[in-house]
Amino acid sequence: TAIWTRRSYDDSGVIHWQDWKQIVLATPPQEFDLPLASGWSNYSGMRSRYWKNQFDEVSVVVDISNPNTVSHGAVVATLPEGFRPAAAFDAPTIIYDGSEILPVRAYFSTNGQISISGYSNQTWSKVLLFETQASFIAAS
């Protein structure tokens, strides 16, 4: 359902009406499952997902795990075209390796890849939880 509005203004006692204009409606965006890289799966009961609103703002929620050895720079997921950032950036992230919660970063690349950004040569014997969230404007 569309909502329309029009404005009037007073010009020395004469009322003038402007043309009708449709008001932008905030509709819930469609959510998609995040395409995870090999070896990664959604964390217990969670759903990693992404969506884009009517202003081209993309939001990504990542809650995943990997029972295998994971290294700095490992790709965890890839966003499809139309949902990729215009410029690469890092987002605050945590990894739980089974013994401690560690702060790292998720690197969002312009090619859509989301990867782990820790210290160079850093590895984890397993990642029980990799968790991050980010929002950005999609590349045009």
Colleague: To the closest 0.5 Å, what do you measure between OG (Ser65) and CD (Glu131)?
Modeller: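 If we round to the nearest 0.5 Å, Ser65:OG and Glu131:CD are 11.5 Å apart.
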
Colleague: Using every non-hydrogen atom in the two residues, find where Ala106 and Phe130 come nearest and quote the distance to one decimal.
Modeller: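 Answer, listing the atom of Ala106 first, then Phe130: CB-CZ, 4.0 Å.
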
Colleague: If the plane angle is over 60° it's perpendicular, under 30° parallel, otherwise tilted; pick one for Phe136 and Phe89.
Modeller: tilted

Colleague: Over all heavy atoms of both residues, which pair between Asp33 and Tyr50 is shortest? Give the atoms and the distance, please.
Modeller: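 Smallest heavy-atom distance, with atoms named: O-CE2, 3.3 Å.
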
Colleague: Check the pair Val14 / His16 against side chain to side chain contact (heavy atoms under 4.5 Å, CB included), numbers first and verdict last.
Modeller: CA-CA 6 Å; Val14 177; His16 296 276; 3.7 Å; yes

Colleague: Working to the nearest 0.5 angstrom, can you tell me the gap between Ser99 OG and Leu128 CG?
Modeller: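 If we round to the nearest 0.5 Å, Ser99:OG and Leu128:CG are 9.0 Å apart.
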
Colleague: Regarding Thr123 and Ser71, is there a side-chain donor-to-acceptor distance under 3.5 Å anywhere?
Modeller: no

Colleague: How many angstroms lie between atom OG1 of Thr93 and atom CG of Leu129, to the nearest 0.5 angstrom?
Modeller: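 Separation between the atoms: 10.5 Å.
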
Colleague: Show the nearest heavy-atom pair for residues Ser115 and Gly73, with the distance to one decimal.
Modeller: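 Smallest interatomic distance, heavy atoms only, reads CB-O, 3.7 Å.
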
Colleague: Among Thr69, Asn66, Ile95, exactly one meets side-chain contact (heavy atoms from CB on, under 4.5 Å) together with Trp124. Which residue is that?
Modeller: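 Testing each of Thr69, Asn66, Ile95 against Trp124, the sole residue satisfying side-chain contact (heavy atoms from CB on, under 4.5 Å) is Ile95.
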
Colleague: Test Gln18 against Tyr9 for side chain to side chain contact (heavy atoms under 4.5 Å, CB included), laying out the working first.
Modeller: CA-CA 8 Å; Gln18 296 177 337; Tyr9 61 94; 4.3 Å; yes

Colleague: Check whether more than 12 heavy atoms from other residues, nucleotides or ligands sit under 6.0 Å from atom CD of Glu81, and answer yes or no.
Modeller: no

Colleague: Establish whether Leu36 and Val104 are linked, either directly or via other cluster members, by ILVMFWY side-chain heavy-atom contacts under 4.5 Å.
Modeller: yes

Colleague: Would you say CG of Asn121 has more than 12 non-hydrogen atoms from neighbouring residues, nucleotides or ligands within 6.0 angstrom?
Modeller: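 For Asn121, atom CG is not crowded (no more than 12 foreign heavy atoms under 6.0 Å).
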
Colleague: Any link between Val127 and Ile64 through a network of hydrophobic side chains (Ile, Leu, Val, Met, Phe, Trp, Tyr) touching at under 4.5 Å?
Modeller: yes

Colleague: Calculate, to the nearest 0.5 Å, the distance between atoms CH2 and OH belonging to Trp40 and Tyr43 respectively.
Modeller: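 Result: 13.5 Å between the selected atoms.
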
Colleague: Are the side chain of Thr132 and the backbone of Pro92 linked by a donor-acceptor contact shorter than 3.5 Å?
Modeller: yes

Colleague: Taking it one step at a time, do Leu34 and Arg49 satisfy side chain to side chain contact (heavy atoms under 4.5 Å, CB included)?
Modeller: CA-CA 5 Å; Leu34 186 64; Arg49 60 201 185 281; 5.7 Å; no

Colleague: Do Trp51 and Pro28 touch side chain to side chain, with heavy atoms closer than 4.5 Å?
Modeller: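 Side-chain contact under 4.5 Å: no.
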
Colleague: Working to the nearest 0.5 Å, report the span between CZ of Phe108 and CG of Asp90.
Modeller: 9.5 Å

Colleague: Check the surroundings of atom CD1 in Ile137: do more than 12 heavy atoms from other residues, nucleotides or ligands lie under 6.0 Å from it?
Modeller: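 Counting neighbours around CD1 of Ile137, more than 12 heavy atoms of other residues, nucleotides or ligands fall under 6.0 Å, so yes.
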
Colleague: Donor-acceptor pair, distance only, cut-off 3.5 Å: does the side chain of Arg84 make one with the backbone of Asn111?
Modeller: yes

Colleague: What is the minimum heavy-atom distance between Ser59 and Ser135, and which atoms define it?
Modeller: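 Closest pair (atom of Ser59, atom of Ser135, distance): OG-OG, 2.9 Å.
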
Colleague: Identify the two heavy atoms, one from Ala88 and one from Ser109, that lie closest to each other, and give their separation to 0.1 Å.
Modeller: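 So the minimum-distance heavy-atom pair works out to CB-CA, 4.2 Å.
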
Colleague: NZ of Lys52 to CZ of Phe83: how many Å apart, nearest 0.5 Å?
Modeller: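 One finds 5.0 Å between NZ of Lys52 and CZ of Phe83.
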
Colleague: Could you check whether atom CZ of Arg7 has more than 12 heavy atoms from other residues, nucleotides or ligands sitting under 6.0 Å from it?
Modeller: no

Colleague: Between Ser117 (side chain only) and Arg105 (backbone N and O only), is there a donor and an acceptor less than 3.5 Å apart?
Modeller: no

Colleague: Using atom types as modelled and distance alone, determine if a side-chain donor or acceptor of Arg47 lies under 3.5 Å from a backbone N or O of Asn42.
Modeller: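 Here the side-chain-to-backbone pair does not exist.
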
Colleague: Would you say Ile116 and Leu79 are hydrophobically clustered, going by side-chain heavy atoms of ILVMFWY under 4.5 Å?
Modeller: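 Hydrophobic grouping puts Ile116 with Leu79.
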
Colleague: Once side chain to side chain donor-acceptor pair (under 3.5 Å) is applied, do any residues pair with Asp63, and if so which ones, sequence neighbours excluded?
Modeller: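 Not a single residue meets the side chain to side chain donor-acceptor pair (under 3.5 Å) criterion with Asp63.
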
Colleague: Check for a donor-acceptor pair, side chain of Lys126 on one end and backbone N or O of Gly98 on the other, with a separation under 3.5 Å.
Modeller: no

Colleague: Does Gln122 offer a backbone N or O that forms a donor-acceptor pair with the side chain of His72 under 3.5 Å?
Modeller: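 Checking the backbone N and O of Gln122 against the side chain of His72, no donor-acceptor pair under 3.5 Å is found.
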
Colleague: What about Leu102 and Tyr107, same hydrophobic cluster or not, with Ile/Leu/Val/Met/Phe/Trp/Tyr joined at side-chain heavy-atom distances under 4.5 Å?
Modeller: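 Different clusters: Leu102 never reaches Tyr107 through Ile, Leu, Val, Met, Phe, Trp or Tyr contacts under 4.5 Å.
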
